[in-house]
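So the structure is just underneath, and the comments pick up after that.
First the proteins, then the strands, lettered A, B, ... as listed; each starts at 1. Excluded from the calculations below are hydrogen atoms, water molecules and symmetry mates; all remaining heavy atoms, backbone and side chain alike, are included.
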Amino acid sequence: MLELSTIWAGIIAFAVLTYVILDGFDLGIGILFPFAKTDKDRDVMMNSVTPVWDGNETWLVMGGGGLFAVFPLAYSVVMPAIYMPVVTMLLALVFRGVAFEYRWRTVRGRWLWDVAFHGGSTVAAMCQGIALGALVQGIPVADRMYAGGWWDWLTPFSLLTGVALVIGYGLLGATWLNMKTTGGIQRLMRSYVRPLMFMTLGLIGLVSLLTPFQDPIYLVRWFSWPGVFFSAFVPAVVVLIAWMLDRGLKMQRDYQPFFCAIALFIVCFIGIGISFYPYMLPPSLTIAESAAPDSSLAFALVGAVTLLPVILAYTAYTYWVFRGKIDPEESYH
Amino acid sequence: MNLFANFDAEILARIQFAFTVSFHIIFPAFSIGLASYLAVLNGLWLWRKDQTYLNLFNYWKKIFAVGFAMGVVSGIVMSYQFGTNWSTFSDTAGPVIGPLMAYEVMTAFFLEAGFLGIMLFGRERVGPGLHMMATAMVALGTLISATWILSVNSWMQTPAGFDINELGQFVPVDWWSIVFNPSFPYRLIHMVLAAYLTTAFVVAGVAAWHLLCRNRTAEVTLMFSMAMWMAVLVTPLQIVAGDLHGLNTLEYQPQKVMAMEGHFDSHPEGAPLILFGIPNEDEKRVDYAIAIPKLSSLILKHDLNAPIDGLDTIPDEEEPPIAIVFYSFRVMLAIGFAMLGVGLWSLVQRVRGRLNEDRWLHRASILLAPSGFVAVLAGWITTEVGRQPYTVYGLMRTSESLSQVDAPAVAASLVAFIVVYFTVFGAGTFYMLRLMGKAPKSGLQKTQKSLEFYSMAEAV
Ligand code: HDD
Ligand code: HEM
Ligand code: HEM
């Protein structure tokens with residue numbers, strides 16, 4: 001029988017991955033905001049996510065809330081460990097979240113909320129990357145509590161993962177805009193895709209090379225059988241996806257580059273999953289150790305199994321309602 | 001870490017939690033009420049085919065969108081704060097309250113967020129039926145959200161249905177009694193009515209402002225009339241609900257009621273109701289008290305001579321801070337009766353056909369426009385400060401709930417929250433007020449497709 005805690009780890013991983021993809025292109029648009037040439041282009045960029053950004057961000061609540069619900073020990077160890085990046089991310093999300101509405105409520109102050117949108121998106125992405133790096137580095141635990149200092153998260157490695165995520169989200173954002181826009185702004189975004197892709201690939205490579213040296217666990221995982229199989233396999237898949245992305249771009253396809261960029265994220269995410277399993281927080285806590293009692297897991301699982309498909313269905317429906325290219329003449333406000 | 005550093009972090013974390021949650025609740029109180037109001041307006045428009053309802057819908061929709069955005073971003077902060085500042089609490093109580101919050105995300109937050117886009121921006125894309133559904137789903141989502149989070153909070157006030165395991169964690173035994181813990185029904189009803197009243201008085205205030213500015217359109221008079229009906233009908237319900245809530249609290253958290261009432265001493269033969277006074281915690285008495293003999297016994301026990309215990313029966317280290325609870329409770333009550341007064345006044349003027357003429361009624365409505373928010377905050381302060389020194393009542397102290405974080409980290413983030421919240425939410429409030437300052441549009445709008453268009457489109 002599969003352990004309840006393993007199933008839940010899968011569900012949380014799914015929620016986090018969904019968050020990374022959905023809010024990834026959403027934050028990516030904010031990251032790319034200053035590159036737009038005109039106010040009109042910025043309107044279009046923002047309108048391409050206005051009806052869905054709140055839903056995208058709810059997956060972050062699902063990831064955090066889910067962790068609290070089923071892995072309370074992991075939640076209560078991680079949050080103090082990455083206190084500063086988490087608080088900074090939350091504040092950054094405040095700025096960019098309200099910008100969606102405030103921007104349309106003022107003419108004189110619009111630039112201010114443009115800056116807030118860009119700054120908030122970039123800082124939030126950076127903090128998420130730093131948090132990821134801090135997790136990979138390992139979090140010391142003693143006596144069911146975080147046992148490190150409040151600056152431990154800050155290392156060259158975590159800064160690198162921070163930058164990598166900003167660039168990666170930028171790639172998602174650029175391919176999303178290539179899909180959702182027309183005319184000058186589409187051409188502009190398309191021209192960014194290639195450089196962003198190569199930077200992303202480079203950073204993925206660098207992070208992957210450094211990861212095994214963060215903790216012996218990873219070294220063993222990736223350089224002993226069967227891990228070594230994946231070690232050879234994953235880079236090949238990454239290259240293949242990148243090639244398809246590039247081809248889609250050359251052939252001026254709308255959808256292909258975006259979905260290839262998503263695939264890139266999925267592969268990297270699986271790679272991280274392989275590194276971590278069966279740990280929740282390497283090297284201190286395993287999934288089973290950090291789980292809540294079975295009665296909590298079972299109660300919440302009933303809801304997750306019945307509700308998540310419904311949620312995915314109406315989320316897809318909303319995307320369907322707002323499908324197609326953004327009409328620059330149509331304003332939502 | 002030495003004890004002193006720990007104490008510092010505790011006070012800072014408490015201030016931070018109180019600050020962020022108090023900011024947060026301001027927006028839900030408005031979102032819950034306004035979402036239902038918008039659903040009603042949309043429904044009435046479809047039913048009566050009167051353009052006035054649609055114009056009002058479009059007017060309040062913009063204000064709703066700004067408030068909702070502030071509610072979402074301040075709420076996301078809350079859901080992470082349990083881990084950052086109260087991680088011991090999260091580890092200990094997580095197995096019980098965590099799943100409830102996960103249900104809140106899955107049944108409420110996704111629902112609100114999923115249909116919000118269609119509600120705000122999709123009318124032209126989905127047709128009136130689906131748009132109505134989306135609007136109703138957003139309203140339902142806010143109510144479901146309130147249900148779960150109040151269940152969580154009520155469980156912390158009146159814990160039930162759990163066991164304590166060898167690690168000291170609370171573990172669930174009976175989910176039904178966890179969710180429907182003793183104070184939950186009272187708290188839920190009282191809070192939802194509070195949200196409706198808060199919104200009704202904002203709507204009334206805006207309408208009254210435009211009436212005073214002599215913008216007497218059909219839209220303005222309609223919203224004034226709707227809001228005043230809410231005031232007349234819901235305020236008495238709220239007072240009854242509050243009274244029942246208090247009786248429930250007397251049963252489960254007696255020292256909170258002692259603090260609310262200012263009963264430092266026991267009264268073996270009938271306790272007085274202290275209307276006003278200055279609680280003196282050092283001398284353990286209420287100075288300058290204006291009291292009505294025996295009324296407290298009548299309210300709490302329905303018997304003039306029923307004995308009532310006072311704080312003298314409670315060890316000092318089990319007592320909540322008295323003065324804060326005493327004052328905030330009276331602020332809430334005063335506002336409740338002021339709302340009742342304005343409601344009755346409007347009823348009289350309505351019967352006399354002078355609802356839109358009585359300028360003093362309009363001025364009073366403007367004065368009460370922000371009062372719902374004040375009452376909501378005062379009510380929560382009564383509730384939350386009154387349960388101190390516990391986070392899980394009688395079982396887990398606030399001082400035991402803290403994270404292993406250093407005071408400077410909490411202090412730095414507290415300052416950041418204060419600065420950011422005041423600027424960002426200050427700007428948002430300013431934008432909302434500016435939207436409210438404009439009168440709603442009247443008559444048919446040329447950019448809108450009419451209802452006939454949709455019925456024709458559907459027929460084709
Ligand atoms: C009585 C109602 C109520 C209360 C006491 C709270 N909330 Fe809240 N919350 C709501 C009612 C609400 C809502 C009506 O559902 C909101 C407000 C406006 C909105 O946008 O949704 C919301 C939004 C909201 C969000 C964003 C949801 C999204 O992404 O769409 C989160 C994560 C939280 N809240 C979390 C919390 C936490 C952790 C609380 C306790 C400490 C809390 N809320 C108290
Ligand atoms: C939304 C309206 C709410 C308001 C305005 C509010 C207000 C407050 C205030 C003022 C305190 C500080 C009490 C003190 O330290 O003396 C407090 C404490 C606390 N509240 Fe609430 N609260 C609200 C809702 C909730 C909910 C829904 C929960 C649980 C899910 C909650 C959990 C807590 C906890 C854990 C504490 C203890 C930490 C502390 O003492 O600061 N609160 N709250
Ligand atoms: C005048 C009649 C009222 C009475 C008798 C009353 C009674 C109470 C009592 C006894 C509590 C504390 C519950 C506890 O033990 O935790 C409470 C809390 C509260 N009150 Fe009131 N109240 C009244 C009016 C109002 C009004 C007009 C509002 C807002 C518009 C309001 C909003 C709240 C809120 C938000 C809380 C905290 C949440 C809760 O515990 O339900 N109340 N009220």
Side-chain angles (χ1 to χ4, degrees), chain A residues 50-52 54-58 60-62 64-70 72-73 75-80 83-84 86-88 90-91 93-95 97-98 100-102 105-106 109 116 144-147 149-150 292-293 295-296 299-300 303-304 307-308 311 314-315 317-318 321-322 332-333, chain B residues 62 65-66 69-70 72-77 79-80 82-84 87-88 90-91 94-96 98-99 101-107 109-110 112-118 120-122 125-126 165 167 169 171-173 175 403-406 408-409 413 416-417 420-421 424 427-428 431 434-435:
Chain A
T50 298
V52 291
D54 185 10
N56 295 347
E57 218 159 279
T58 305
L60 180 66
V61 185
M62 179 72 201
L67 201 65
F68 182 25
V70 287
L73 182 57
Y75 176 80
S76 54
V77 169
V78 168
M79 293 302 156
Y83 193 95
M84 296 310 253
V86 168
V87 171
T88 313
L90 294 170
L91 289 170
L93 290 176
V94 167
F95 278 106
V98 299
F100 279 102
E101 282 301 322
Y102 290 11
R105 298 283 150 249
T106 165
R144 298 177 77 79
M145 276 188 207
Y146 172 56
W150 61 293
S295 52
S296 307
F299 176 68
L307 293 166
L308 283 178
I311 291 166
Y314 62 66
T315 304
Y317 173 71
T318 304
V321 167
F322 294 97
Y332 287 133
H333 287 86
Chain B
K62 287 196 186 134
V66 177
M70 294 195 271
V72 169
V73 294
S74 61
I76 293 177
V77 171
S79 64
Y80 278 83
F82 287 102
T84 50
S87 66
T88 313
S90 303
D91 180 30
V96 172
M101 290 166 95
Y103 269 97
E104 182 184 14
V105 180
M106 294 188 291
T107 56
F109 291 158
F110 276 115
E112 291 168 352
F115 288 100
L116 181 73
I118 297 178
L120 294 179
F121 314 114
R125 284 173 184 256
V126 294
N165 71 5
L167 295 170
Q169 282 177 310
V171 290
V173 174
W175 283 106
S403 294
Q404 212 50 21
V405 286
D406 296 344
S413 58
F417 275 118
V420 170
Y421 275 29
V424 171
Y431 295 142
R434 203 157 65 177
L435 284 170

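- Taking the six-membered ring for Trp and thresholds of 30 and 60 degrees, A:Tyr314 and B:Phe115 have ring planes inclined between 30 and 60 degrees apart.
- Ranked by non-hydrogen atom pairs under 4.5 Å with chain A, the options B:Ser87, B:Gly122, B:Gly117, B:Ala102 are led by B:Ser87.
- With a 4.5 angstrom heavy-atom cutoff, A:Thr88 does not touch chain B via any of its atoms.
- Using a 4.5 Å cut-off between heavy atoms, A:Val94 touches chain B through backbone and side chain atoms alike.
- At least one side-chain heavy atom of B:Phe110 sits less than 4.5 Å from a side-chain heavy atom of B:Val105.
- In terms of non-hydrogen atom pairs under 4.5 Å with chain B, the most contact-rich of A:Val52, A:Val98, A:Leu308 is A:Val98.
- With a 4.5 Å cut-off on non-hydrogen atoms, A:Ser295 touches chain B through its backbone and its side chain both.
- Side-chain atoms of A:Phe322 and A:Thr50, non-hydrogen and from C-beta on, never get closer than 4.5 Å to each other.
- For a residue to count as touching a neighbouring chain, one of its non-hydrogen atoms must lie under 4.5 Å from one of that chain's; by this rule A:Met62 touches chain B with backbone and side chain alike.
- With a threshold of 4.5 angstrom between heavy atoms, A:Ala147 does not approach chain B through any atom at all.
- Checked against the 6.0 Å centroid threshold, B:Tyr103 and A:Phe299 count as a close aromatic pair.
- Ranked by heavy-atom pairs under 4.5 Å with chain B, the first of A:Val78, A:Val87, A:Leu91 is A:Leu91.
- Taking chain A as the reference chain and counting heavy-atom pairs below 4.5 Å, the highest number among B:Pro172, B:Gly114, B:Ala416 is found for B:Pro172.
- At distances below 3.5 Å, not a single donor-acceptor pair connects side-chain atoms of B:Ser90 with backbone N or O atoms of A:Ser76.
- In this structure, the portions of A:Leu60 lying under 4.5 Å from any heavy atom of chain B include both its backbone and its side chain.
- For A:Val321, the parts lying under 4.5 angstrom from a heavy atom of chain B are both the backbone and the side chain.
- A side-chain donor from one of A:Tyr83 and B:Ser413 sits under 3.5 Å from a side-chain acceptor of the other.
- Of the atoms belonging to B:Ile118, heavy atoms from both backbone and side chain fall under 4.5 Å from chain A.
- Only the side chain of A:Ile311 comes within less than 4.5 Å of a heavy atom of chain B; its backbone N, CA, C and O stay farther away.
- Chain B forms more heavy-atom pairs under 4.5 Å with one residue of A:Gly64, A:Gly97, A:Pro80, A:Ala116 than with any other, namely A:Pro80.
- Contact detail for A:Pro72 and A:Ala292: the closest heavy-atom pair is CD-CB, 3.7 Å.
- Rounding to the nearest 0.5 Å places CG of B:Asp91 at 8.0 Å from CG of B:Leu167.
- Contact of the A:Tyr102 side chain with the B:Met70 side chain is registered, since non-hydrogen atoms from C-beta on lie closer than 4.5 Å.
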